[in-house]
Amino acid sequence: MSFNRIIDALKNPNGYFASTPLSLLCAAFAAMFFIFTVIYSLKHMKGRSGLWRYYLYILATFIFTLGVLLTNNFIILLISWGFLGLLLYLLIAFGRREGTPETARKALVIVGGTDVLMLLGIVLVWKLTVGSSGLTGLFSLPIVSGMRIQLDGTVSIVAYICLASAAFAKAGAMPFHTWVPDAAENAPTPVAAYLPASLDKLLGIYFLARITLDVFVMTPTMNTILMALGSITIIAAVMMALVQHDLKRLLGYHAVSQVGYMVLGIGTGNPIGIAGALFHMFNHAIYKSCLFLAGGAAERKAGTSNLAKMGGLVKSIPLVFVTFLIASLAISGVPPMNGFASKWLVYQGVIESGDSLWVLWLVVAMFGSALTLASFMKLIHSVFLGQPSEDVKKILSKGKKGTGLLIGIPLVVLSMLCIVLGIFAWKIPFGEYFSPEISGQVNYLGIWHSGLATLMIIAGMVIGYLIYLARTIKKARIVAPFVGGETLEKNPEMRVSGVNFYSTIQDIGVLKAIYALAEKKLFDLYEVLMKIVAGFGIVLSFMHNGILSRYFLWFIIGLVVICIVLI
């Protein structure tokens, strides 16, 4: 089949495969992340055994990602989605940390479990639309059929919840989020950047947007539920990120938190909110992938991802520091970065939603950005700007500066995209790219001229730097770092790593109890389900212990119950 025939097939809305501007844009981003992951992996994964399988899994993940993005058939989507879950398990298993096998199983159980819900949702959609055509109609069920389902009955609501659950699990939204921080901590860095940080977010939110815009007709109640789940995801995940001591685990919780903004935007149900959510989906994939790749370079240089054992890496890997700083500003919503541009749209969508609790959702979203900035101040200090640990000092005294071209290329391109997409966001025709339903309907409530604001920010920075030079150029005095008058060289135990910047919040009233429950993994759906299953196992072991008299007792009890029911 020639290239032109492939394009014509994708343009056919009645075929098994069909493209939209949104799906093509997602596919382009998926291709970019695939290329960057391979380039980065050439150095980062060098020396590991079985690399041919690793690169095969990376390629297969990209292929099945295209299958999800470019199909117009529920069954093909389900098959591709299922293979992506298996590949997620295999790629996470390439990690060398102690908890990697359990992390891989956890991801497979959560994502695979919601695949069952997706299948149930697809069957219910088939029943509500073309169920009369027989079982064969299920295999030709299109995603976009021109007949959207009203959420006015139990079956339709259950169908939407089942499909949305699969999207939530893939994207890492609450309550299916707990596999993301574990995978971020234990999986190889390129895998964490490729899947939880970028592709899984694209696929999960893309699917949520499709079922919300193309399959179902949303109600105000369901929109409110989505906004509530988005807000809870934002604030709960960022509060957990504040107290983390591992670099990649902290980034994993922020990957969860940022999904909340996307769910919140889609839940607004208005064009500007949906446009903001989808724009934030792309922006998040860019800066989060950059953060993971830069964090992986820092981990490689320091030999650890434990924040307490890092520090002082800015002079050794300055390029990594600059790109990490840019991505940190982007995820924190600092203008004129791309993260601010998309959050700005989400904020406006929340205001325009008219929901009775819109003020609460708006406060939570903005407060979440403030806490994100606070946690990245801790992270940058602990990794790059703070005093190095004794182990890092030994490593830096032996190692050479820089990271190499293979590490630098993805970081530079991704960080530049954070700046360019932020400055020129006002030129992006959101409606045309994202969805026909919102094309030409995006009305901006606030005033934000990104070009002018960027010039003013640059001018302010230049003026501030000149004032700094004018006051310090003749009066600068260089002294050894000290705390309370004691120099760190003589008293290394007085080093402030930054890890415990916000530890005191764990002792505040209600938060203390919540953090204690989180420590016990009471909010971890996987752990809760495992305990329930283990409890059933104990009961069954007690019942089936090989003692004949006890079997006879269960038989009598069962017979009595049946008689009572029949009577």
Nearest-0.5 Å distance, CD1 of residue I205 to NE2 of residue H280: 9.5 Å
I326 and M337, any side-chain heavy atoms less than 4.5 Å apart: yes
Counting distance only, does the side-chain N/O of K201 pair as donor-acceptor with the main-chain N or O of P196 below 3.5 Å? yes
Please round to the nearest 0.5 Å and tell me the distance separating atom CD1 of I505 and atom CD1 of I514. 10.5 Å
After noting the C-alpha distance and the side-chain angles of F207 and V68, does the key distance pass the side chain to side chain contact (heavy atoms under 4.5 Å, CB included) rule? CA-CA 9 Å; F207 183 60; V68 171; 5.8 Å; no
For the student: nearest non-hydrogen atoms of I92 and A183, plus distance: CD1-CB, 3.8 Å
Begin from the C-alpha positions of H254 and V238 and carry the test side chain to side chain contact (heavy atoms under 4.5 Å, CB included) through to its verdict. CA-CA 6 Å; H254 277 297; V238 78; 3.7 Å; yes
Mark yes or no for whether K343, through its side chain, and I331, through its backbone, hold a donor-acceptor pair below 3.5 Å. yes
Do other residues, nucleotides or ligands put more than 12 heavy atoms under 6.0 Å from the OH atom of Y515? yes
Parallel, tilted or perpendicular: ring planes of Y287 versus H284, cut at 30 and 60 degrees: perpendicular
From L251 atom CG to S289 atom OG, the distance as rounded to the nearest 0.5 Å: 11.5 Å
Could you check whether any side-chain heavy atom of Y347 comes within less than 4.5 Å of a side-chain heavy atom of Y261, counting everything from C-beta outward? yes
Could you walk me through whether F321 and I380 pass the side chain to side chain contact (heavy atoms under 4.5 Å, CB included) check? CA-CA 8 Å; F321 165 70; I380 291 174; 3.8 Å; yes
Would the distance check show the side chain of N338 and the main-chain N or O of L421 forming a donor-acceptor pair, the cut-off being under 3.5 Å? no
Kindly indicate whether the side chain of L203, heavy atoms from C-beta on, has any atom under 4.5 Å from the side chain of L69. yes
Distance in Å, F33 CZ paired with I58 CD1, rounded so as to fall on 0.5 Å steps: 13.5 Å
Do Y194 and T61 have side-chain N/O donor and acceptor atoms under 3.5 Å apart? no
Heavy-atom pair with the smallest gap, counting every atom of G296 and H44: O-CE1, 3.8 Å
Got a donor-acceptor contact below 3.5 angstrom from the K248 side chain to the A187 backbone? yes
Between W361 and T268 (side chain of the first, backbone of the second, donor and acceptor by atom type, cut-off under 3.5 Å), is there such a pair? no
Taking atom OH of Y55 as the centre, does the number of heavy atoms from other residues, nucleotides or ligands within less than 6.0 Å exceed 12? yes
Checking the side chain of S316 only, and the main-chain atoms of L313 only, is there a donor and an acceptor separated by less than 3.5 Å? no
When you compare the side chain of L88 with that of L84, does any pair of heavy atoms fall below 4.5 Å? no
Residues passing the ring-ring contact (aromatic ring centres under 6.0 Å, His included) test with F324, sequence neighbours excluded, are F384
Heavy-atom count around M456 CE within 6.0 Å, excluding the residue itself: above 12? no
Between F34 and F62, what is the ring plane arrangement, given parallel below 30°, perpendicular above 60°, and tilted in between? parallel
To the nearest 0.5 Å, tell me how far K46 NZ sits from L51 CG. 11.0 Å
With distance as the sole test, does S382 use its side chain to make a donor-acceptor pair with the main-chain N or O of L379 at under 3.5 Å? no
Indicate yes or no for a side-chain donor-acceptor contact from K378 to the backbone of L242 under 3.5 Å, with no hydrogens or angles considered. yes
Tell me, do P188 and R48 make a side-chain contact under 4.5 Å, heavy atoms counted? yes
Should D182 and R249 count as side-chain neighbours, where that means a heavy-atom distance under 4.5 Å? yes
Tell me, do M45 and Y54 make a side-chain contact under 4.5 Å, heavy atoms counted? yes
Run the side chain to side chain contact (heavy atoms under 4.5 Å, CB included) test on L329 and F376 for me, step by step, so that the C-alpha distance in whole Å, both residues' side-chain angles and the decisive distance to 0.1 Å come before the verdict. CA-CA 8 Å; L329 295 174; F376 274 94; over 6 Å; no
I need the minimum non-hydrogen distance between A192 and A184, along with the two atoms involved. CB-CA, 4.2 Å
At their closest point, which heavy atom of A297 faces which heavy atom of I407, and how far apart are they? CB-CG2, 4.0 Å
Side-chain contact test, heavy atoms from C-beta onward, threshold under 4.5 Å: evaluate it for M32 versus L417 and give yes or no. yes
Side chains of Y40 and T189: any donor to acceptor distance under 3.5 Å? no
Taking all non-hydrogen atoms of both residues, which atom of L293 and which atom of P410 are closest, and how far apart? CD1-CB, 4.0 Å
Donor on one side chain, acceptor on other, H177 and T233, under 3.5 Å: no
About how many Å separate CD1 of I63 and CG of L87, when rounded to the nearest 0.5 Å? 9.5 Å
Can you give me the closest heavy-atom contact between A167 and G204, atom names plus distance? CB-O, 3.3 Å
